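Pasting a structure here, questions to come.
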There are 2 protein chains.
Amino acid sequence: MTSRFDRLSLLDTFVRVAERRSLSAAARDLDVSQPSVSRQLAALEARLGVVLMRRTTHDVTLTPDGLDLLADARRLIGEWEAIEERTAEGGTLAGRVRVIAPVALGQSLLVNGTARFMKQHPDVTVDWQLRDDPIRFAEEGCDCWLKVGPVPDDTLVVRELARVERLVVGAPESLPETGDVDLAALPWVTLGPFEGNRIELFNREGVATVFSVSPRMASDNIFAVQQAVRQGVGVAILPRWFVASALDNGMLVDVAPDWRAARLPVNLALAAGARRPARVEAFAEYIAAWCGDRLG
Amino acid sequence: MTSRFDRLSLLDTFVRVAERRSLSAAARDLDVSQPSVSRQLAALEARLGVVLMRRTTHDVTLTPDGLDLLADARRLIGEWEAIEERTAEGGTLAGRVRVIAPVALGQSLLVNGTARFMKQHPDVTVDWQLRDDPIRFAEEGCDCWLKVGPVPDDTLVVRELARVERLVVGAPESLPETGDVDLAALPWVTLGPFEGNRIELFNREGVATVFSVSPRMASDNIFAVQQAVRQGVGVAILPRWFVASALDNGMLVDVAPDWRAARLPVNLALAAGARRPARVEAFAEYIAAWCGDRLG
DNA sequence: AGCGGTTACGAAAGACGTAAGGATG
DNA sequence: CATCCTTACGTCTTTCGTAACCGCT
């Protein structure tokens with residue numbers, strides 16, 4: 001009756017099965033027999049008095065109870081790992097860190113920026129997923145979520161990395177030579193998630209100016225917007241970190257040096273446990289420093 | 001080599017031994033043989049690669065590593081309990097909640113106030129420790145810490161329950177009959193931890209008045225101060241909740257209705273885990289509501 | 001000398017893997 | 001019908017309690 005299974009191992013198998021959606025696959029991962037996984041799962045369900053997974057022969061799906069457990073299980077496992085790692089101090093970091101980040105931020109800045117981290121910690125695997133859709137953190141098995149704008153999940157610990165400066169840029173040849181430009185009269189290219197047709201800018205004193213535009217082009221992809229601007233389609237609001245080199249080499253110009261769009265916060269979110277595995281803490285620390293330097 | 005011990009049980013025994021400062025006592029508590037405890041402790045130490053406790057024949061003391069582990073171990077155990085309780089929903093709460101609270105707050109308000117909670121949850125034991133010294137939360141095995149003033153421990157989650165109103169009270173017969181009193185000229189009784197010889201009061205507009213007094217009496221005990229005031233030794237600054245009934249029945253009067261001392265925050269602190277056992281959450285919720293009603 | 005922690009040993013319990021059974025797409 | 005999960009069974013590992021041993025006050 002008293003299952004002498006290690007409760008943390010039980011959670012571990014549970015998480016593995018949930019991730020692989022298969023008992024057999026989890027068994028291979030964990031290097032045990034498949035019946036063993038089956039028994040452990042059954043034992044966990046018996047212990048909690050709840051059905052965690054609905055098994056059909058060709059798929060395994062979490063019940064609502066299972067979904068609830070998933071986040072807690074991952075956290076508990078992580079906290080145990082943190083304990084083991086802390087006492088075995090000085091040891092080299094190892095394991096996998098799963099990161100979700102916005103496409104734009106990830107493919108240019110972040111992935112490049114982690115090269116040094118990867119060299120420093122050769123046994124750590126970083127698994128990047130670049131996507132812009134809001135995620136259900138708890139269900140993803142994600143260790144570290146980077147997001148532009150507020151993080152809509154109060155089960156997470158959020159740290160603001162930077163507030164990115166955004167400015168109006170255009171291709172130099174497509175702009176009037178006169179110093180003063182009528183921003184509202186220019187053709188605009190807008191970046192989907194952040195602007196509608198309403199542009200709001202602030203000068204150094206914090207005074208706002210608002211005007212409507214009917215964009216010549218709109219896209220949810222920041223690279224597409226930049227390309228369009230370079231080719232003279234119009235002007236756009238883009239983050240400074242993204243256009244810094246283009247500004248330096250003259251491909252783009254700061255159309256309205258006195259005006260800036262509201263700064264957008266870049267946040268880093270971690271699961272809310274009291275402790276996290278050392279590899280996760282180290283990665284978060286590293287990426288925070290990197291972003292602070294580059295985006296601030 | 002592969003210790004098949006349940007890691008959470010290992011932590012549980014470790015905590016028990018730390019609390020009882022004895023392997024034998026812990027064994028009795030846990031209803032296992034004493035050698036079993038010895039083995040589990042050894043297994044945990046082997047697993048973490050650290051000596052957790054220094055055992056002499058008549059005492060067991062934690063090493064620094066052991067001290068570090070203690071808080072984490074308690075948290076992990078609590079979080080597992082939270083998992084078990086959440087799934088076994090609707091179940092009746094059980095177990096022990098250890099509370100540390102200031103003497104004054106505890107012996108009058110709090111302990112009385114929990115009567116209904118105790119009735120609602122007959123299987124929950126509440127273990128009150130009333131003391132005013134700052135505690136090392138992590139080492140105490142405390143679930144819930146009530147404190148007046150800021151909580152100097154960033155490993156805790158703090159919730160402000162109330163900001164208590166404090167007013168100048170005196171015994172009616174010992175006061176001049178005239179409406180206007182010169183507060184600085186009255187004899188004072190001061191409450192140790194909160195006042196020195198410098199009294200600062202605010203009127204409704206938030207304007208401050210400061211004056212020095214040389215107290216006729218000083219004490220760190222709020223009951224002693226109240227007694228002295230009632231017997232006409234002098235006036236004192238006391239919290240409204242504490243003197244409310246004395247004000248109602250005329251034993252004390254509000255000496256300076258236009259002036260109030262700065263409100264003192266009453267905080268509730270819990271260990272910072274993502275989840276806590278249901279009994280702890282329930283207790284915290286209850287005591288917070290109670291204090292909000294009575295102290296606000 | 002007594003109390004308390006560790007080590008030794010036999011016994012019992014439980015978890016594992018292999019193999020058979022059953023359900024589903 | 002093939003795949004995947006569950007149940008059955010025998011083996012083996014591991015933990016448990018009892019008992020002897022050792023150290024400290």
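Residue numbering restarts at 1 for every chain, and letters A, B, ... go by the order of the sequence lines. Predicted model only: the values in this text are computed from it and were never measured.
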Measure the distance from CZ on B/Arg54 to C1' on C/dT6 and round it to the nearest whole Å.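 Atom-to-atom, B/Arg54 to C/dT6, this comes out as 16 Å.
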If you measure only the distance, is there a donor-acceptor pair under 3.5 Å linking the side chains of B/Arg7 and A/Ser9? yes
Nearest 0.5 Å please: distance from the CD atom of A/Glu85 over to the CZ atom of A/Arg279. 6.0 Å
Separation of C/dC3 P from B/Arg28 CZ (nearest whole Å): 11 Å
Minimum-distance nucleotide to A/Gln34 side chain [options: D/dT6, C/dA13, C/dG17]: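 Among D/dT6, C/dA13, C/dG17, the one nearest the side chain of A/Gln34 is D/dT6.
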How many Å lie between CG on B/Leu41 and P on C/dG4, as a whole number?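 Interatomic distance, CG of B/Leu41 to P of C/dG4: 16 Å.
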May I ask you to decide whether B/Arg21 forms a salt bridge with B/Asp59, counting only side-chain N to carboxylate O separations under 4.0 Å? yes
For the side chain of A/Arg39, starting at C-beta, report the closest nucleotide among C/dT7, C/dC16, D/dT15.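 Nucleotide nearest to A/Arg39's side chain: C/dC16.
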Rounded to the nearest 0.5 Å, how far does CG of A/Leu8 lie from CG of B/Leu10?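 Reported to 0.5 Å precision, the distance equals 10.0 Å.
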Taking A/Arg136 first and then A/Glu140, would you say they form a salt bridge - that is, a charged N and a carboxylate O separated by under 4.0 Å?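 Looking at A/Glu140 together with A/Arg136, the answer is no, because their closest N to O distance does not fall below 4.0 Å.
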Candidates D/dG17, C/dG5, D/dT15 - which lies nearest the side chain of B/Val32: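 Of the options given, the side chain of B/Val32 lies nearest D/dG17.
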Counting the atoms with a prime plus P, OP1 and OP2 as sugar-phosphate, which does B/Val60 contact under 4.0 Å by heavy atoms, base, sugar-phosphate, or nothing?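 Sugar-phosphate contact only - B/Val60 comes under 4.0 Å of backbone atoms but never of a base.
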Classify B/Ser33 by what it touches in the nucleic acid, base, sugar-phosphate, or nothing, heavy-atom distance under 4.0 Å. base
Does A/Glu81 pair with A/Arg275 as a salt bridge, N-O distance under 4.0 Å?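 Result for this pair is no, no salt bridge flagged.
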Would you say B/Ser38 reaches C/dT6's phosphate, i.e. side-chain N/O to OP1/OP2 under 4.0 Å?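 For C/dT6, OP1/OP2 do have a side-chain N/O of B/Ser38 under 4.0 Å.
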Under the 3.5 Å rule, do the base of D/dG23 and the side chain of B/Arg55 count as making a donor-acceptor pair?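 Such a pair does not exist between side chain and base.
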Please determine whether a side-chain nitrogen or oxygen atom of B/Thr56 lies at a distance below 4.0 Å from atom OP1 or OP2 of D/dC24.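 Checking B/Thr56 against D/dC24: no side-chain N or O falls below 4.0 Å of OP1 or OP2.
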Kindly point out which of C/dT24, C/dA15, C/dG5 is positioned nearest to the side chain of B/Ser24? C/dG5
Measure the distance from CG on B/Leu10 to C1' on D/dT14 and round it to the nearest whole Å.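 Interatomic distance, CG of B/Leu10 to C1' of D/dT14: 14 Å.
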How close or far is atom P of C/dT6 from atom CE of B/Met53, stated in whole angstroms?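 Atom-to-atom, B/Met53 to C/dT6, this comes out as 10 Å.
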Provide, to the nearest angstrom, the distance between the NE2 atom belonging to A/His58 and the C1' atom belonging to D/dT3. 4 Å
Take atom CZ of B/Phe5 and atom P of C/dA15, then tell me their distance rounded to the nearest Å.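 Whole-Å distance recorded here is 14 Å.
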Of the listed nucleotides (C/dC3, C/dA15, C/dT6), which one gets closest to any side-chain atom of A/Arg4? C/dA15
What is the nucleic acid contact for A/Gln40, judged by heavy atoms within less than 4.0 Å: base, sugar-phosphate only, or nothing? sugar-phosphate
Can you tell me the distance, in whole Å, between the CD atom of A/Glu45 and the P atom of D/dT6?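 Spelled out: CD on A/Glu45 to P on D/dT6 is 8 Å.
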Look at the side chain of A/Thr57 and decide which nucleotide, out of D/dT13, D/dA19, C/dT24, has an atom nearest to it.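 Given the options D/dT13, D/dA19, C/dT24, the side chain of A/Thr57 is closest to C/dT24.
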Side-chain N,O (A/Thr2) to OP1/OP2 (C/dG14) below 4.0 Å: yes
